[in-house]
Number of protein chains: 2
Amino acid sequence: MDSEMARARVLDAAEELFYGRGVQAVGMDEIRSASGVSLKRVYQLFPAKTDLVEAYLLRRDARWRADLARFVADGDSSRERILRVYDWLERWFGEPDFRGCAFVNSYGEMGAVSEAVARAARTHKELFQRYVAGLVADAGQPDRLAAPLALLAEGAITTAAISGSPEPARHAREAAARLLEA
Amino acid sequence: MDSEMARARVLDAAEELFYGRGVQAVGMDEIRSASGVSLKRVYQLFPAKTDLVEAYLLRRDARWRADLARFVADGDSSRERILRVYDWLERWFGEPDFRGCAFVNSYGEMGAVSEAVARAARTHKELFQRYVAGLVADAGQPDRLAAPLALLAEGAITTAAISGSPEPARHAREAAARLLEA
DNA sequence: TCCGGTGGAGAACGATCGTTCTCCACCCCT
DNA sequence: AGGGGTGGAGAACGATCGTTCTCCACCGGA
């Protein structure tokens with residue numbers, strides 16, 4: 001198994017465990033056993049746990065936004081594409097291992113104590129807001145709609161996570177549609 | 001110092017430390033030194049750390065909602081009172097030690113591993129949503145507005161926490177006003 | 001004045017965890 | 001065939017932390 005492969009396996013295991021149970025609740029030894037990569041190799045690839053946490057967040061950010069953008073791009077009109085953001089959220093909320101936003105969770109857990117985690121969360125949210133702003137601009141809608149549309153999505157993620165129901169995505173979608181009408 | 005007083009001091013210290021740095025980042029010894037209550041007494045009052053965490057969340061929920069309701073009640077009209085929710089959030093976001101929603105943070109940190117924390121977060125959010133629904137009903141607005149108004153508030157809290165800016169409260173307020181117009 | 005019990009200070013214990021080290025098997029190069 | 005270096009398994013180390021225990025000072029009642 002080459003180094004590329006080992007790295008991917010470690011990151012896969014880290015993502016599943018960190019996201020599913022929280023960063024501090026998962027020990028490095030558990031990542032070793034879940035990934036099948038020896039502890040020595042894990043520490044060669046990621047010299048400290050914080051490096052692994054950072055890599056996990058960066059990779060997840062890229063994949064999350066790419067998945068969202070791919071789904072949204074299938075919309076027929078620019079207005080429809082905005083609303084498809086909430087459809088995608090609803091699908092996400094329905095996944096059995098959905099547990100809210102990895103960045104919000106990590107920020108709540110370590111944001112006060114780890115500047116790297118805080119920065120990763122800030123960057124992720126900023127890129128999401130910029131993406132929404134792009135959709136709004138493409139639809140010829142006024143710029144001021146971007147922030148509330150992002151807030152609705154953000155609120156839906158948190159509410160769905162804590163309540164355990166995907167319903168907030170539909171409420172957010174309806175409200176977004178109403179904001180787009182005016 | 002009687003038992004009531006000791007309990008209050010411990011909870012005050014726990015709230016400041018747990019909210020400020022996260023539950024797992026704070027040791028019981030630090031709560032002892034911050035509260036001035038001996039470790040033995042702390043454990044008499046709260047037999048385990050989880051009991052202290054639960055008491056912290058319960059007390060914070062009660063006070064948070066009471067503070068909000070007191071501020072909102074000063075609004076002149078029922079419509080104005082709904083919008084004052086976002087004004088109160090903006091004041092909260094501006095406080096120097098604001099670090100997001102204690103329940104969202106605790107849920108992200110321990111929700112997957114502690115059913116008590118998950119339940120406290122669910123209850124808190126449910127009571128907040130019910131409170132918003134009451135304001136909507138008082139204003140004679142349709143019930144379906146309650147959920148999106150709560151989502152805007154929820155999104156504003158998370159976004160303000162991570163971005164470090166109180167601005168999301170104003171965006172949420174403007175969007176809420178627009179939803180109330182239709 | 002003695003005494004039992006309450007409470008404080010802090011050491012001690014046991015577990016967990018991040019990180020490193022030891023020891024050994026394997027394998028490519030000459 | 002021999003040797004050096006890579007990698008695996010897992011023990012070991014040092015720190016932290018939740019929780020308990022020890023020892024002692026104090027204090028109200030006989």
Side-chain angles (χ1 to χ4, degrees), chain A residues 1-57 105-106 108-117 120, chain B residues 1-57 105-106 108-117 120:
Chain A
M1 177 166 52
D2 69 350
S3 150
E4 196 79 20
M5 180 88 168
R7 194 185 158 87
R9 286 205 198 174
V10 171
L11 281 173
D12 287 346
E15 178 159 2
E16 183 167 337
L17 292 168
F18 287 164
Y19 178 67
R21 303 221 312 269
V23 172
Q24 317 210 55
V26 174
M28 294 299 280
D29 196 68
E30 201 162 357
I31 285 177
R32 174 198 56 80
S33 66
S35 66
V37 175
S38 77
L39 216 46
K40 190 154 143 187
R41 207 107 115 85
V42 170
Y43 273 94
Q44 279 174 2
L45 296 162
F46 306 96
K49 191 182 184 183
T50 62
D51 298 314
L52 178 55
V53 172
E54 215 172 326
Y56 143 63
L57 290 175
N105 291 348
S106 298
E109 188 174 355
M110 318 182 61
V113 96
S114 159
E115 180 49 33
V117 167
Chain B
M1 177 166 52
D2 68 350
S3 151
E4 196 78 20
M5 181 87 167
R7 194 184 159 87
R9 285 204 199 174
V10 171
L11 281 173
D12 287 347
E15 178 158 4
E16 184 167 336
L17 292 168
F18 286 164
Y19 177 67
R21 303 221 311 268
V23 172
Q24 317 210 55
V26 174
M28 294 298 279
D29 197 68
E30 200 163 356
I31 285 177
R32 173 198 58 79
S33 66
S35 65
V37 175
S38 78
L39 215 45
K40 191 156 144 186
R41 207 109 116 86
V42 170
Y43 273 93
Q44 277 173 3
L45 295 162
F46 305 97
K49 191 182 185 183
T50 61
D51 298 314
L52 178 55
V53 172
E54 216 172 325
Y56 144 63
L57 289 175
N105 291 348
S106 298
E109 187 174 357
M110 318 184 60
V113 96
S114 158
E115 180 49 32
V117 167

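Quick caveat, the model's predicted, so the values are computed rather than measured. Letters A, B, ... are given to chains in the order of the sequence lines, protein chains preceding strands, and every chain is numbered from 1. Below, all heavy atoms of this structure are taken into account, side chains as well, without hydrogens, waters or symmetry copies.
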Spacing between A:Glu30 atom CD and C:dT19 atom P, to the nearest angstrom: 16 Å
pair A:Met28-A:Leu52: side-chain heavy atoms closer than 4.5 Å: yes
Nearest-angstrom distance from the residue atom CG of B:Leu52 to P of D:dG18: 10 Å
Within 6.0 Å of CD in B:Glu16, more than 12 heavy atoms from elsewhere: no
Gap between atoms CG and P, on A:Leu45 and D:dT6 respectively (whole Å): 14 Å
Student check: side-chain heavy atoms of A:Val53 and A:Ser106 closer than 4.5 Å: no
Base-contact (B) and sugar-phosphate-only (S) positions in nucleotides 5-15 of chain C, heavy-atom cut-off under 4.0 Å, - elsewhere: --BB-------
Note: A:Asp29-A:Arg32 ion pair, threshold 4.0 Å (strictly below): yes
Nucleotide D:dG18, atom P - distance to CE of B:Met28 in whole Å: 7 Å
d(CG, B:Leu17; P, D:dC17) in whole Å: 12 Å
Minimum side-chain heavy-atom gap A:Ser35-A:Asp12 below 4.5 Å: no
Value in whole Å for how far the P atom of C:dG18 lies from CD of B:Gln24: 11 Å
Sugar-phosphate, base or nothing in reach of A:Val26, heavy atoms under 4.0 Å: sugar-phosphate
A:Phe46 vs A:Leu11 side-chain heavy atoms within contact, under 4.5 Å: yes
